[in-house]
Number of protein chains: 2
Amino acid sequence: MATMQRLQNTGLELFYAQGYYDTSIDDILKKLDLSKGAFYYHFDSKEDFFIQIIQNLLARKIYSTLIEPIEGHENPLTLITKCFDDAMETAVHNEMDYGCILSNFLTEFNGKNEVIMRHLNEIVTVWEVNLVTALQKGKFNGYLDRHVDCEAAATFLMSSYFGVRILMTSAAPASKKYRFMSQLRQYFKSIEANPVNS
Amino acid sequence: MATMQRLQNTGLELFYAQGYYDTSIDDILKKLDLSKGAFYYHFDSKEDFFIQIIQNLLARKIYSTLIEPIEGHENPLTLITKCFDDAMETAVHNEMDYGCILSNFLTEFNGKNEVIMRHLNEIVTVWEVNLVTALQKGKFNGYLDRHVDCEAAATFLMSSYFGVRILMTSAAPASKKYRFMSQLRQYFKSIEANPVNS
DNA sequence: CTATAAAAAGACCACATGGTCGGATTTACC
DNA sequence: GGTAAATCCGACCATGTGGTCTTTTTATAG
């Protein structure tokens, strides 16, 4: 029972750092001082192993960092701002940052493994739905301008977050974060409810 | 001479579609009906091969699609809008789209190969510098608001483009493009020179 | 035609990978 | 203590990989 958890935790760790195809099962086993037998007792294949990691660990991780923080009745723009700020801050402080784990896997498996892509896209959809819902609720509560296209805003937000996490891995992550947040606020200012017209 | 070009072209094609680590030299050679001898006569190693591809093909491709179109004396916001629109349109029409080639490679090599990362980041920097320059020129020419942080705007634009190209590969690329462009225009409206104050 | 070098062929090597399998060891339970 | 199931070991296999090396083909100039 504990072995299965350890395998999954270390698996996600290495898959995130080195990529799925560039991480061998032996890499994971070596790090845990386990043998092939232990692995194939718990999992059918490397793919099955990864899918279980997605469902057990990745989905929860995305939920706790990107979805749960934007739930609430306050101004969604404030919540999203803080959510992104926090997520990027942990990336800045992590000396070994490899970008957004979800976006990395999306990139790696796109066009290569449809089964895994379906599982990953499911997480993306959950994020998107929650973002749209939060924005619509914000519009209903008078925080957003009435003309805002919430689906479009969600797509724009997801895009910008995925992208900035890539840029942050290259150089000067703190500076990239600061610049990004300033323009995010700029964008939010342009879609928030205009107090003059209300 | 022609063989070297064919190798590089097919190499980039497959590296883009399947990733560097998941594309073997034999894959490329099989597609061209060539042998190992032909490959290692022209290139020292797989890594050397890829670096030459970056410098000879990738850099030019990025330049022609993302940099050259924004050079000019017109409103940079208009130029960037059209540039992004065109780039995404070709992605929409390409039934086999694997996202932004530059961002894909950045994701794949991050933390794995510093040499290649340096070459890729060089291209990113060139793009960034040209974006900042175009925005600053636009500010000087009265197209942008005086208070706009051009470096921040460039980071924001690069982020959002990288990200939306990831989202476009998953599902409904045309819809994603439409939504993205609408919010890009929204953002641009918020940083353009305010005719009321000028 | 021939000499010479560029270009390409393809057999070969050492190594790593995902996966299998029979057996050893531990654990839980009566 | 004994038994059976759960857990784990590690040798083994087929395949694929990047890379080397010798040999052959091709082109080019005298």
* Which heavy atom in Asn130(A) sits nearest to a heavy atom in Ile70(A), and how many Å separate them? -> O-CD1, 3.9 Å
* **Shortest non-hydrogen separation from Thr65(B) to Cys83(B) and the atoms involved** => O-SG, 3.2 Å
Let me know the distance between [atom1] of [X] and [atom2] of [N], rounded to the nearest Å.
X	N	atom1	atom2	result
Lys30(B)	dT15(D)	NZ	P	13 Å
Phe43(A)	dG18(C)	CZ	C1'	15 Å
Met4(A)	dT7(D)	CE	P	10 Å
Asp26(A)	dT15(D)	CG	P	19 Å
Ile25(A)	dT20(C)	CD1	C1'	12 Å
Phe39(B)	dC21(D)	CZ	C1'	17 Å
Asp22(A)	dG18(C)	CG	C1'	15 Å
Lys46(B)	dG19(D)	NZ	P	8 Å

Measure the shortest side-chain to side-chain distance between [X] and [Y] over non-hydrogen atoms and say whether it is less than 4.5 angstrom.
X	Y	answer
Ile80(B)	Phe188(B)	yes
Ile101(B)	Phe15(B)	no
Leu135(B)	Leu77(B)	yes
Tyr161(B)	Arg165(B)	yes

* **Residues which pass side chain to side chain contact (heavy atoms under 4.5 Å, CB included) with Val115(B), listed by chain and number, not counting sequence neighbours** => Glu47(B), Ile51(B), Asn113(B), Arg118(B), His119(B)
* Asked: So with a 6.0 Å cut-off around CD of Glu122(B), is the heavy-atom count from everything else above 12?
  -> no
* When you get a sec, tell me which of dG18(C), dC8(D), dA7(C) is the closest nucleotide to the side chain of His42(A)? => dC8(D)
* To do: Looking only at side-chain atoms of Asp27(A), point me to the closest of dT17(C), dC8(D), dA6(C).
  => dT17(C)
If the cut-off is 4.0 Å, is [X] near the phosphate of [N], judged by side-chain N/O to OP1 or OP2?
X	N	answer
Tyr41(B)	dA7(C)	yes
Thr3(B)	dA8(C)	yes
Ser24(B)	dT17(D)	yes

* To do: Compute the ring centroids of Tyr21(B) and Phe109(B), then answer whether they are less than 6.0 Å apart.
  => yes
Would you tabulate the nitrogen or oxygen pairs shorter than 3.5 Å linking the protein to nucleotides 26-28 of chain D?
none

Could you write out each protein N or O paired with an N or O of nucleotides 9-12 of chain C at a distance under 3.5 Å?
| residue | atom | partner | partner atom | Å |
| --- | --- | --- | --- | --- |
| dA9(C) | OP2 | Ser35(B) | N | 2.9 |
| dA9(C) | OP2 | Ser35(B) | OG | 3.1 |
| dA9(C) | O5' | Ser35(B) | OG | 3.4 |
| dG10(C) | O6 | Gly37(B) | N | 3.1 |

